[in-house]
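Computed from a prediction, not measured in an experiment: that's the story for all the values here.
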Amino acid sequence: MKAERLSRRGICVVIPTYNNATTVRDVVSRTLQQCHDVIVVNDGCTDGTADILATIEGITVVTLPRNKGKGAALKAGFRKALAMGFAYAITLDADGQHYPEDIPLMLEANIKHPGALLVGERKGLDAQERSGGSKFANAFSNFWFCVQTGQRLRDTQTGFRLYPLKKLYGLCMLTSRYEAELELLVFSAWHGVNLVSVPINVYYPPREERVSHFRPAYDFTRIFILNTCLCFLALGYGLPLALLRLLRRAVYTIYSLLFFLVWTLLFLLPASAAVVLFTRDSKRRTWRLHRLLCFVGKLVMLWHGIPGVKRRMNNPQGENYERPAMVICNHQSPLDLMAMLAQSPRLTLLTNDWVWHSPFFGFAVRHAEYYPVSDGIDSILPKLRSLVERDYSIAIYPEGTRSSDCSIQRFRKGAFHIARELKLDIIPLIECAPGHCLPKGGKYLRRGFFHVHVDERIPYERYMEAGEDKDIASWFRQYYERRYAEISDALDQKA
């Protein structure tokens with residue numbers, strides 16, 4: 001199951017090796033048990049490693065004619081992974097220090113932090129028997145990484161990482177040897193790639209069994225020269241990039257807010273007041289207000305109301321909402337409301353109190369026969385029945401509140417009780433990633449994508465087989481967890 005999820009998300013494993021004949025078979029075999037897509041880079045091995053790799057089925061081997069160093073091996077592995085269509089690459093060393101069984105930890109973190117560069121933080125590192133040079137190298141690297149990026153990582157020397165291949169900056173300038181991994185971290189941080197530490201296990205064999213290609217004097221000199229260069233680059237390249245990124249985020253947020261305020265205050269409020277004032281027929285008034293709200297939703301979602309966010313609304317079944325249904329949707333972000341409004345003027349939303357009393361669109365919402373869930377199901381059910389008889393669909397967020405981490409939360413049974421009472425089909429809307437663009441409690445708009453997928457209508461008779469209201473709610477939550485994983489995996493692989 002985990003291996004299938006890795007493949008679906010476009011994740012492979014890259015293992016660079018140089019003269020690890022005693023450990024490489026075990027490491028690669030254990031890795032294949034976790035992931036089906038394994039690329040091993042033979043960095044000019046001279047100890048029989050190549051013969052061992054030739055006997056292992058199911059792996060892709062990239063061979064460098066002579067030893068060029070870990071940086072060159074990683075570069076070759078990443079380029080091969082990109083050519084094979086992968087979006088992410090997990091790297092681990094072939095010396096047996098890392099546990100391939102920790103690969104699922106990287107998968108879980110990747111699902112939670114799509115697009116991030118995940119850095120394995122070796123647990124209990126201080127308690128391990130290591131040389132003084134190794135301890136100094138890690139502390140030295142951690143310090144200068146903080147100086148150069150303004151970010152703190154406790155383990156910048158770990159080789160167990162997950163790289164977003166399409167966000168690898170500085171790859172063409174990558175140094176060829178041991179210090180390359182630090183360079184990748186620094187360039188990624190400068191370009192705003194999210195860096196996330198993931199606790200992992202580590203094994204240090206007895207000193208007599210260790211295979212190390214670290215040359216203290218030579219490699220420390222290379223690291224010192226690299227850090228000197230990176231410090232100068234931080235001032236002329238990294239810092240300006242960070243300031244530009246902050247400015248862009250502020251501009252995007254202000255623009256989006258002004259866009260929303262202008263269209264609601266200068267268009268929606270006057271237009272809805274005119275409709276209420278000059279339309280005497282209540283049914284026609286409701287329909288016109290629904291069209292106004294749908295228009296504003298489409299302005300924000302489909303035009304230029306959310307800069308820096310790639311938006312897509314996918315409706316493969318061609319659902320037109322002409323037959324009344326209960327429309328349910330997962331809830332991640334304040335942007336969700338605009339996505340729901342943009343679906344069709346045939347939708348009536350059950351809202352939270354803040355939407356009902358909003359100074360921007362509350363007037364239109366109240367007169368359009370949207371209802372707050374706080375009124376109670378028994379109170380609003382007759383009103384909803386009247387709307388269904390006029391061919392409107394009912395839309396609701398069954399989670400009740402926005403998710404803080406984009407996960408699917410517990411579904412409340414109220415939505416399914418209404419669907420049961422009104423004998424409505426259920427149309428699932430699945431939103432992916434708006435919580436990363438504007439998370440719950442967030443103040444600034446982030447770059448990303450916002451995908452809305454309209455799933456196939458589920459007939460009343462089908463979901464009634466699940467049982468009572470709470471059973472139906474549980475069934476739909478499991479349905480959403482499965483479909484959200486499938487859709488988000490496909491999107492993350494393309495991103």
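- Between E4 and R8 there is no salt bridge, since no side-chain nitrogen of the basic residue lies less than 4.0 Å from a carboxylate oxygen of the acidic one.
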For this session: Starting from the C-alpha separation in whole Å, work towards a yes-or-no answer on side chain to side chain donor-acceptor pair (under 3.5 Å) for N20 and D95.
Result: CA-CA 6 Å; N20 298 118; D95 60 3; 5.7 Å; no
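- Aromatic ring orientation, Y237 versus F187: tilted (interplanar angle from 30° to 60°).
- Between G58 and L32, the closest heavy-atom pair is O-CD2, 3.8 Å.
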Counting only pairs under 3.5 Å, give me each side-chain donor-acceptor contact of residues 142-149, with atom names and distances, residues two or more places apart or in other chains.
residue: N142; atom: OD1; partner: T156; partner atom: N; Å: 3.0
residue: N142; atom: OD1; partner: T156; partner atom: OG1; Å: 2.6
residue: N142; atom: ND2; partner: N138; partner atom: O; Å: 3.3
residue: N142; atom: ND2; partner: R154; partner atom: O; Å: 2.9
residue: Q148; atom: NE2; partner: N227; partner atom: O; Å: 3.4
residue: Q148; atom: NE2; partner: N227; partner atom: OD1; Å: 2.8
residue: T149; atom: OG1; partner: F145; partner atom: O; Å: 2.7
residue: T149; atom: OG1; partner: Q151; partner atom: N; Å: 3.2

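- M313 and A339 make their closest contact through CE-O, 3.9 Å (heavy atoms, listed as atom of the first residue, atom of the second, distance).
- Using a cutoff of 4.0 Å between basic side-chain nitrogens and carboxylate oxygens, K70 and D93 are scored as salt-bridged.
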Problem set entry | salt bridge (charged side-chain N to carboxylate O under 4.0 Å, His left out) between E399 and R412, intermediate numbers included | CA-CA 6 Å; E399 292 168 295; R412 301 178 182 179; over 6 Å; no
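- To the nearest 0.5 Å, atom CD1 of residue I426 and atom CD1 of residue I458 are 7.0 Å apart.
- The shortest heavy-atom contact between L184 and L168 is CD2-CD2, 4.2 Å.
- Residues L92 and I103 have side chains in contact (heavy-atom distance under 4.5 Å, counting atoms from C-beta outward).
- Evaluated for a side-chain contact (heavy atoms from CB on, under 4.5 Å) with I59, the options V40, D37, V13 yield exactly one hit, V40.
- A salt bridge links R457 with E319: the closest approach of a Lys/Arg side-chain nitrogen to an acidic carboxylate oxygen falls below 4.0 angstrom.
- Each side chain to side chain donor-acceptor pair (under 3.5 Å) pair with one or both residues in residues 48-59, not counting sequence neighbours, appears once here: R25-T55, D47-T49.
- Within 6.0 Å of the NZ atom in K80, the count of heavy atoms belonging to other residues, nucleotides or ligands does not exceed 12.
- For Y321 against S344, the heavy-atom pair with the smallest separation is CD1-CB, 3.6 Å.
- Under the 4.0 Å criterion applied to side-chain N and carboxylate O atoms, D43 and K68 are not assigned as salt-bridge partners.
- Nearest heavy atoms, E181 versus Q157: OE1-O, 4.3 Å.
- A pairwise comparison of heavy atoms in V41 and G77 identifies CG2-CA, 3.7 Å as the closest pair.
- Between Y479 and F411, the closest side-chain pair of non-hydrogen atoms is not below 4.5 Å.
- Within a 6.0 Å sphere centred on CZ of R482, other residues, nucleotides and ligands contribute more than 12 heavy atoms.
- The side chain to side chain donor-acceptor pair (under 3.5 Å) analysis of residues 245-256, with sequence neighbours excluded, yields no pairs.
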